[in-house]
Amino acid sequence: MSTQPLNFICISTYFKGEDFLKRCKAEGNHVYLLTMKKLEHENWPWEAIDDVFYVENWNDNDVIKGLAYKYRSIKFDRFVALDDFDVENVAAIREHFRMPGMGSTTARYFRDKLAMRIKAKEEGINVPEFTALFNDGAINNYADNVSPPWLLKPRSEASAAGIKKIHSKDELWEVVHSLGDERDDFLIEKFAPGDVYHVDGLNVDGKVLFSRVSKYLDTPFEVAHGGGIFRSATCEMGSKTEKALSKMNAEVMKAFGMQFGASHTEFIASKATGELFFLETSSRVGGANLAEMVAFASGVNLWSEWAKIESDTLKKQTYRLPKIHDKYAGIVVSLSRYEHPDTSSFSDKEIVWRMNKPWHIGLIVVSESSERVLELLDLYTTRIANEFHASLPAPDSLRE
């Protein structure tokens, strides 16, 4: 059992993971941050960071050579990707330095939507009917046998970025031709209206140690493309759906080779049949402040516990979950027409968190009652829509 400080290099091309960095330091480790130069003035927890390395423009070879130079004086023990966009890049870095952790092949299952679907289907996990855009014959066969509408999805974007709904075979071919040489970076799948759920979890020794099932009250696609208000709430605990999705999430983690760390996985329940389908997963903490929602409901800070898992795993110590609470939480977030919206008129005792971000408004509520959470979210959504809401067109890429 190692008690020596370990050297963690945490890599993020986006500002996030503050609680990971803090917990990693609190566990007695040396913490190094590799991030973009444009993020140097963000509110990183500098007290938890031993040193920071900046990249002006990401180039895999340059980053590896830069790390190799630093490696001469710092023996790195673990590379950690804090953002979804960094998963594959960091996997390649691990491969180069022969570092333990998720390698490139496994990383593709958590970043490449086509790889996810093929692997899930091979393992007998329900997925919407899909096809790659590699072959003209395969596309025609799909369009002739799977009724529209379909969704065009980029293989490696996050959230609902870049997704387009297609209603006919002619429209499909127009879109495919418009993609030109980029078409192999996309797939299409059957669009089935339904409720979208997310399972946020922690994994240790190849098993799901903790998970929480929640339901998007408006799907990410609807929010991104319809200018809607983002909402999610804890699923009814002990319900048939909650049990089924917890089981399905464990099957996905096992199939994709997740050994340890955080995960955020999405599923859809068909409105027509009630059937559950796997949509996508990622080897990181869910965005859009869902981690805060999960923490207030369960007492489990996913960022912090992920850092503890990484540290304990390296030190060959047994990881133990903190005490878990079984409460219900819900979140509502919207763009605001005001730079600093005044939320003081929202005064219910269930409010536990208020978003502090320019041009945004957001609240998290917690209750022993699922019905009370949903009641408050409905009330707040109406008020926000009338008094605060603003919208922007959906970007083609999440990084625009």
Side-chain angles (χ1 to χ4, degrees), residues 12 14 16-20 80-88 90-91 102 106-113 115-117 119-120 125 127 153 155-161 163 195-204 207-221 223-224 230-235 242 245-268 276-298 300-307 309-310 329-331 333 364 398:
S12 186
Y14 194 70
K16 60 167 52 176
E18 303 97 297
D19 285 345
F20 184 103
V80 181
L82 297 182
D83 186 43
D84 208 25
F85 289 91
D86 304 312
V87 169
E88 284 186 280
V90 175
M102 186 180 290
T106 302
R108 290 299 287 262
Y109 296 139
F110 292 90
R111 274 294 291 152
D112 182 340
K113 291 181 174 68
M116 290 179 201
R117 282 151 182 73
K119 182 64 173 174
I125 297 166
V127 293
K153 292 187 173 184
R155 291 170 58 179
S156 294
E157 281 289 357
S159 185
I163 297 176
D195 293 324
V196 179
Y197 295 83
H198 56 98
V199 182
D200 298 276
L202 295 170
N203 308 272
V204 179
K207 295 179 181 177
V208 178
L209 196 64
F210 165 84
S211 67
R212 269 294 180 275
V213 180
S214 309
K215 178 182 173 183
Y216 293 117
L217 304 184
D218 304 284
T219 70
F221 180 82
V223 173
F230 177 80
R231 300 184 298 162
S232 180
T234 311
C235 187
E242 192 254 2
L245 289 174
S246 296
K247 180 174 181 288
M248 209 166 171
N249 176 66
E251 291 169 352
V252 170
M253 292 299 108
K254 182 179 179 182
F256 288 12
M258 169 62 84
Q259 292 302 304
F260 55 86
S263 59
H264 172 80
T265 310
E266 297 185 351
F267 301 89
I268 190 166
L276 297 173
F277 294 90
F278 164 69
L279 287 180
E280 58 190 66
T281 189
S282 53
S283 58
R284 44 100 180 165
V285 173
N289 300 107
L290 293 174
E292 286 85 345
M293 184 187 82
V294 171
F296 282 116
S298 67
V300 176
N301 181 320
L302 294 168
W303 283 109
S304 179
E305 296 308 313
W306 176 20
I309 288 168
E310 293 272 4
I331 185 169
V333 173
I364 291 177
L398 203 63

Asker: Search all heavy atoms of Arg111 against all heavy atoms of Asp84 and return the closest pair with its distance.
Answerer: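 In terms of heavy atoms, the two residues are closest at CD-O, 2.9 Å.
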
Asker: Is Ser282 reaching over with its side chain to a backbone N or O of His264, donor-acceptor style, under 3.5 angstrom?
Answerer: yes

Asker: If I take atom OH from residue Tyr109 and atom CE from residue Met116, how far apart are they, to the nearest 0.5 angstrom?
Answerer: 11.5 Å

Asker: Would a 4.5 Å heavy-atom cut-off, applied to side chains only, mark Leu82 and Trp303 as touching?
Answerer: yes

Asker: Examine the side chains of Asn249 and Ser211 and answer whether a donor and an acceptor come within less than 3.5 Å of each other.
Answerer: no

Asker: Looking only at heavy atoms, what is the nearest atom pair of Gly261 and Ile309, with distance?
Answerer: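 Reported closest heavy-atom pair: N-CG2, 4.1 Å.
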
Asker: Taking the six-membered ring for Trp, are Phe256 and Phe110 parallel (under 30°), tilted (30 to 60°) or perpendicular (over 60°)?
Answerer: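 Perpendicular, since the angle between the ring planes exceeds 60°.
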
Asker: Output the distance between atom CZ (Arg117) and atom CD (Glu280), rounded to the nearest 0.5 Å.
Answerer: 6.0 Å

Asker: Between the main-chain N or O of Ser263 and the side-chain N or O of Ser283, is there a donor-acceptor pair closer than 3.5 Å?
Answerer: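 Between the backbone of Ser263 and the side chain of Ser283 there is no qualifying donor-acceptor contact (under 3.5 Å).
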
Asker: Is a salt bridge present between Arg212 and Asp200, judged by a nitrogen-to-oxygen distance below 4.0 Å?
Answerer: no

Asker: Is the shortest heavy-atom distance from the side chain of Ile331 to the side chain of Glu292 under 4.5 Å?
Answerer: no

Asker: Can you tell me how far CZ of Phe267 sits from NZ of Lys215, rounded to the nearest 0.5 angstrom?
Answerer: 16.0 Å

Asker: So, for Ser12 and Lys16, which heavy atoms are closest and what is the spacing to 0.1 Å?
Answerer: OG-CG, 3.9 Å

Asker: Answer whether the closest heavy-atom distance between the side chains of Glu266 and Tyr216 falls below 4.5 Å.
Answerer: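 Yes - at least one pair of side-chain heavy atoms lies under 4.5 Å apart.
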
Asker: Answer yes or no: is there a side-chain heavy-atom contact under 4.5 Å between Met248 and Ile125?
Answerer: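 Yes - at least one pair of side-chain heavy atoms lies under 4.5 Å apart.
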
Asker: Going from CG on Leu209 to CE on Met253, what distance comes out if it is rounded to the nearest 0.5 angstrom?
Answerer: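 Separation between the atoms: 14.0 Å.
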
Asker: In Å, rounded to the nearest 0.5 Å, how long is the span from OG1 of Thr106 to NZ of Lys119?
Answerer: 9.0 Å

Asker: How many angstroms lie between CD in Glu305 and CG in Leu202, if you round to the nearest 0.5 Å?
Answerer: 7.0 Å

Asker: Nearest heavy-atom pair of Val294 and Ser298: which atoms, and what distance?
Answerer: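 Result for this residue pair: O-OG, 2.7 Å.
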
Asker: Side-chain contact, heavy-atom cut-off 4.5 Å: Leu290 with Ser232?
Answerer: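 Answer yes - side chains close enough.
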
Asker: Using a 4.5 Å cut-off on heavy atoms from C-beta on, say whether the side chain of Val285 contacts that of Phe20.
Answerer: no

Asker: For the residue pair Asp112 and Ser156, what are the closest heavy atoms and their distance?
Answerer: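 Residues Asp112 and Ser156, closest heavy atoms: CA-OG, 4.5 Å.
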
Asker: For Ser246 and Val213, what are the C-alpha separation, side-chain angles and deciding distance, and is it a side-chain contact (heavy atoms from CB on, under 4.5 Å)?
Answerer: CA-CA 7 Å; Ser246 296; Val213 180; 3.5 Å; yes

Asker: Would you name the heavy atoms of Ala297 and Thr234 that are closest together and state the gap between them?
Answerer: CB-OG1, 4.0 Å

